[in-house]
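The block underneath contains the structure these notes are about, expressed in structure tokens.
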Amino acid sequence: MGSRLHAHFVRYLEDVSIPTGLLEVWKRNSRARAFYTRHGRKPDGESRAGPDSSRYICLRLELMTLRAPASPSHPGQS
């Protein structure tokens, strides 16, 4: 379910031409952080205070890094 929701979010960003997606995750939630990392999100260095002296960290998703650029075509080559 999480992967489908993430895919819908990415499609939404593409549809409305937003190149970057941000979210906050509880720093000590290693399972969520691993999920988002597998889907291309990276910490951007920002954080804020959370409950019980924990932190929320901001994860950034750059759509340009998800889509590999097409190879330029070279005339005369097959």
Quiz item: Got a sec, which pairs hit salt bridge (charged side-chain N to carboxylate O under 4.0 Å, His left out) with one end in residues 23-33, sequence neighbours left out?
Solution: E24-R48, R28-D52
Quiz item: So which heavy atom on Y56 is nearest to which on A49, and how close?
Solution: CD1-O, 3.8 Å
Practice problem: Count the heavy atoms of every other residue, nucleotide or ligand shown that sit under 6.0 Å from OH of Y12, and state whether that count exceeds 12. | Solution: no
Practice problem: Return the minimal non-hydrogen interatomic distance between G21 and R41, and the atom names on each side. | Solution: O-NH1, 3.3 Å
Quiz item: Is it true that L13 and L22 fall in one hydrophobic cluster, defined by side-chain heavy atoms closer than 4.5 Å?
Solution: no
Quiz item: Does the side chain of L63 come within less than 4.5 Å of E14's, by heavy atoms?
Solution: yes
Self-check item: NE2-CG distance between H6 and L23, expressed to the nearest 0.5 angstrom
Solution: 9.0 Å
Self-check item: N29 side, atom CG; F35 side, atom CZ - distance, nearest 0.5 Å
Solution: 11.5 Å
Quiz item: Roughly how far apart are T20 OG1 and L61 CG, rounded to 0.5 Å?
Solution: 8.0 Å
